[in-house]
Protein chains: 2
Amino acid sequence: MSQQRHGNTPGNAGAVPAFPDLPEATIARLPEYLRALHNLAEAGSDTISSEGLAAAAGVNSAKLRKDLSHLGSYGTRGVGYDVTLLIDQIEYILGLDQRRAVALVGVGNLGHALAGYDGFASRGFRIVALFDADLEQVGKAINGLTVRHVGELRRAVVEDGITIGVISTPPSAAQGVADDLVAAGVTSILNFAPCVLSVPAGVDVRKVDLAIELQILSFHEHRKASLTALPGGLVGEGGNQEAVGS
Amino acid sequence: MSQQRHGNTPGNAGAVPAFPDLPEATIARLPEYLRALHNLAEAGSDTISSEGLAAAAGVNSAKLRKDLSHLGSYGTRGVGYDVTLLIDQIEYILGLDQRRAVALVGVGNLGHALAGYDGFASRGFRIVALFDADLEQVGKAINGLTVRHVGELRRAVVEDGITIGVISTPPSAAQGVADDLVAAGVTSILNFAPCVLSVPAGVDVRKVDLAIELQILSFHEHRKASLTALPGGLVGEGGNQEAVGS
DNA sequence: CGCGATTTGTGCACGCCTTCACAAGCGCCT
DNA sequence: AGGCGCTTGTGAAGGCGTGCACAAATCGCG
Ligand SMILES: NC(=O)c1ccc[n+]([C@@H]2O[C@H](COP(=O)([O-])OP(=O)(O)OC[C@H]3O[C@@H](n4cnc5c(N)ncnc54)[C@H](O)[C@@H]3O)[C@@H](O)[C@H]2O)c1
Ligand SMILES: NC(=O)c1ccc[n+]([C@@H]2O[C@H](COP(=O)([O-])OP(=O)(O)OC[C@H]3O[C@@H](n4cnc5c(N)ncnc54)[C@H](O)[C@@H]3O)[C@@H](O)[C@H]2O)c1
C-alpha cells in the first residue's frame, strides 16, 4: 500500500479519512469476517492468522488477505491480525459504530419474527419503529415497541433519524411502501417481498427471497439426481458453501 | 446451439435429457424470471419480449437473453418468448415440477413464520415436516403440521422423501442439526443461523443472514454519508437492485 | 546480533460474468 | 410475393473476482 496510516483507530473521530472504495464482493464478506472475529474474541483469542480467520469465515485465506488489505495494513507479518483492532476497523468501515436506526414495515407473520429478534441489536442495528396498515395490528406491542400506522412513517423517519427500512408486507403493497420510505428520507431498503422495487438513484435496495434460495437448491438437487443416473455414480464434487448476498 | 431440441416439453418424462450445465449466475436469476413470468401469465400475456421480461425481473435484457439461450432456443425472433412454454421450461430446469419435500428444523420465532408461510407452496415446495428439540414445542400444530422431535428426523426424511432441509435453530445447534440432516440423507440445506456449516462434498448449503444484509446496506449508508460531506454533493449513482444469493 | 520460521501483502494469470452491438430470423402488411 | 420492422441469439471485448505463488516483513531464539 502506498500510505502508511497506522494508529488510525476508529475512535479517531473528526475528519472522515479518504473513504476506500472496496470491491462489492469484499463488502459482502466483511460482515462474515466480523462475525467470526466476534466469536474469536469471545473465545479469548488476541490475534488470528489469515488462515485461521478464513477457516472460521468459510473462505479462502488468500481472498481474505486481499479483502483485508483493501482496508489498510492491519496485520503483522509472522503473527497475524489483532482481533480487537480488526473488529473496530471493520465495524467502522461498515458504519456499525453508529448503531443505525431501522424501521420495519409490515408486522405480519415474518415481520413479527424480525421485530422480536434480538440478534440485530448485537450486530449494530436498532429497530426503532414498527409500522402496519392494518388497524388490527396498530397499537400492539412487540418487544417493547408499539406498532404504528404507516401514516406516521414520514414523521418517525425524520424524528428518529431512520436511514434503513425493512419491508415485510405482501408484494402488492411493497412498491407503495418503498415509495413512502424514500419520500420520508430512507436511503436503504431491505425487501422481503418477492417483487422488484423501483427506486430513485441513490437509494440502495437489497432483496431477500427465501423461495429463490430454495429454488436454487432445487436446481442442484435436480442436477445431482440426473448425474447419479448417469455412469460415474455419485462423484461428490464439493459442497457449495455460498453466502447469500453478493 | 448445436442441437435442435424443440418439442421437448417437460411433460416428456422418461430419459433425462443431457443436463445443461448453466452458469451459476444464470441459475440464481432463473427464479426471478420465473416469478416475473407467473405475474405476466396471470395478467393475461401470451408472449413477452426479452426487453419486457427483463424489466419485470429487474435485469439487463441482453443478460436475460443470454441466460435463456443457455436453456435452448425458446423464443421467436420478431415476437418474443411464449410465456407458458418458458414457465414450463424454467420449472423443469429448476426441478420444481417435482414439488420437493422440505423439512424445517427449529420452530422458534423465525421457524414459526416460515412454517406458516403459504408462499412456498405456490413456488414448488411442500414443507412436509417440522422438528424441534424443545419438548415444549413438540406436538404443537402449525398450518396443519405437527411439530415432531428431532429424534424422528431420520425416519421422516426417508419416509417422506425429503431432500431439502431448512435450519432455523440458534447457531450453536446448527452444525449438529446439519450433521443429522446429512446423515438422514438430505443433500441440500438452507441455513438461517449465522454460522458456517461444514458438510461433506455433494451437499449444497445456502445461507441467509439477515444481519449481513443490513450490514451491507449500512456500509453503503456510510459511504453515501461520507460522499455528501465532500464536494460534489449528492450525485446519485444509481440505486443498486441486487438479488441476495449468488 | 543473526537466522530460521512464520505470516502478511500483492503481482499475475486465468476464468467468469456482463454488456454492447449486430447479423440472422420471423411475422405482418401491402 | 416481397419488403420492412421487430426481436432473438451470439461473437467479442472489457471488467471483475479468484487463487496461486512468492517476496517482504516480523518475531523468537540461540
Ligand atoms: N412468512 C414467511 O416466512 C415469508 C417467507 C418468505 C417471504 N415472505 C414474504 O414476506 C412478506 C410478508 O410475509 P408475511 O407472511 O409476514 O405476510 P403477512 O400477510 O402475514 O403480513 C403482511 C403484513 O403487512 C401488512 N401490510 C399490508 N399492506 C401494508 C401497507 N401498505 N403498509 C404497511 N403494512 C402493510 C399487513 O397488515 C400484514 O400485517 C410477503 O411479501 C411474503 O411474500 C414471507
Ligand atoms: N427471528 C429472526 O427474525 C431472525 C433473524 C435473523 C436470523 N435469525 C436466526 O435464525 C435462527 C432462529 O432464530 P429464532 O429467532 O427463531 O430463534 P428461537 O430461539 O426463537 O428459535 C430457535 C428454535 O430452535 C429450537 N432448537 C434449539 N436447538 C435445537 C436442536 N438442536 N434441534 C432442533 N431444534 C432446536 C429451539 O427449541 C427453538 O424453538 C437463529 O439462528 C437466529 O440467529 C432469526
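These numbers come from the heavy atoms of this one structure, side chains and all, not from hydrogens, waters or symmetry mates. Convention: sequence-line order gives letters A, B, ...; per-chain numbering from 1.
Here B:Leu64 contributes atom CG and B:Asn60 contributes atom CG; the two are 9.0 Å apart, rounded to the nearest 0.5 Å. Here the CZ atom belonging to A:Arg100 is positioned 8.0 Å from the OG atom belonging to A:Ser188, to the nearest 0.5 angstrom.
For B:Glu24, taking side-chain heavy atoms from C-beta onward, the closest of the listed nucleotides D:dG19, C:dC17, D:dT8 is C:dC17. Nearest nucleotide to the side chain of B:Ser69, out of D:dG19, D:dG17, D:dT10: D:dT10. Side-chain proximity of A:Thr76 to the nucleotides C:dC17, C:dG9, D:dT26 is greatest for D:dT26. Residue A:Ala62 has its side chain nearest to D:dG19 when only D:dG19, D:dC27, C:dT18 are considered. In this structure, of C:dT19, D:dG9, D:dG19, it is D:dG9 that holds the atom nearest to the side chain of B:Arg65.
If you take NZ of B:Lys63 and P of C:dA21, they are 17 Å apart, rounded to a whole angstrom. One interatomic measurement links the two molecules: CG of B:Leu68 to C1' of D:dT7, which rounds to 13 Å at whole-angstrom precision. Following rounding to the nearest Å, B:His70 (NE2) and C:dC16 (P) show an atom-to-atom distance of 11 Å. Protein atom CD of A:Glu51 is 10 Å distant from nucleotide atom P of D:dC20, rounded to whole Å. Atoms CG (B:Leu85) and C1' (D:dT8) sit 14 Å apart, rounded to a whole Å. Across the protein-nucleic acid pair, B:Leu64 atom CG and D:dT10 atom C1' stand 14 Å apart, rounded to whole Å. Taking atom OH of A:Tyr74 as the reference point, atom P of D:dT26 lies 16 Å away to the nearest angstrom. One can place CG of A:Asp82 at 13 Å from P of D:dC27, the figure rounded to the nearest angstrom.
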Q: Kindly indicate, with the supporting measurements, whether the criterion side chain to side chain contact (heavy atoms under 4.5 Å, CB included) is fulfilled by B:Leu94 and A:Ile216.
A: CA-CA 7 Å; B:Leu94 293 180; A:Ile216 294 173; over 6 Å; no
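Contact annotation: B:Ser49 does not reach the phosphate of D:dT7 (side-chain N/O to OP1 or OP2, under 4.0 Å). Contact annotation: A:Ser73 reaches the phosphate of C:dG9 (side-chain N/O to OP1 or OP2, under 4.0 Å). The phosphate of C:dC20 (OP1 or OP2) has a side-chain N or O of B:Asn60 nearer than 4.0 angstrom. Here B:Tyr81 reaches the OP1 or OP2 of D:dG9: one of its side-chain N or O atoms lies under 4.0 Å away.
In this structure, the salt bridge (charged side-chain N to carboxylate O under 4.0 Å, His left out) partners of A:Arg35, at least two apart in sequence or on a different chain, are A:Glu32.
Between A:His220 and the choices A:Arg223, A:His222, A:Lys224, the side chain to side chain donor-acceptor pair (under 3.5 Å) rule is met once, by A:Arg223. Considering A:Val196, A:Leu197, A:Asp209 in turn, A:Leu197 is the only one that fulfils the side chain to side chain contact (heavy atoms under 4.5 Å, CB included) rule with A:Asn191.
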Expected rows: protein N/O vs nucleotides 12-15 of chain D N/O, under 3.5 Å:
{"from": "D:dA12", "atom 1": "N6", "to": "B:Lys66", "atom 2": "NZ", "distance (Å)": "3.0"}

Give me the distances for all protein-to-nucleotides 28-30 of chain C N/O pairs that come in under 3.5 Å?
none

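The closest side-chain heavy-atom distance from B:Ser198 to B:Gln175 is below 4.5 Å. With contacts defined as side-chain heavy-atom distances shorter than 4.5 Å, the pair A:Pro200/A:Val203 qualifies. The shortest side-chain heavy-atom distance between B:Leu34 and B:Ile87 falls under the 4.5 Å cut-off.
Nearer the 5' end of DNA chain C, as judged by each residue's closest nucleotide, is the contact made by B:Arg29, out of B:Arg77 and B:Arg29. In terms of position along DNA chain D, the nucleotide closest to B:Val79 lies nearer the 5' end than the nucleotide closest to the other residue of the pair B:Val79 and A:Val79.
Ring to ring, B:Phe219 and A:Phe19 are close: their centroids are under 6.0 angstrom apart.
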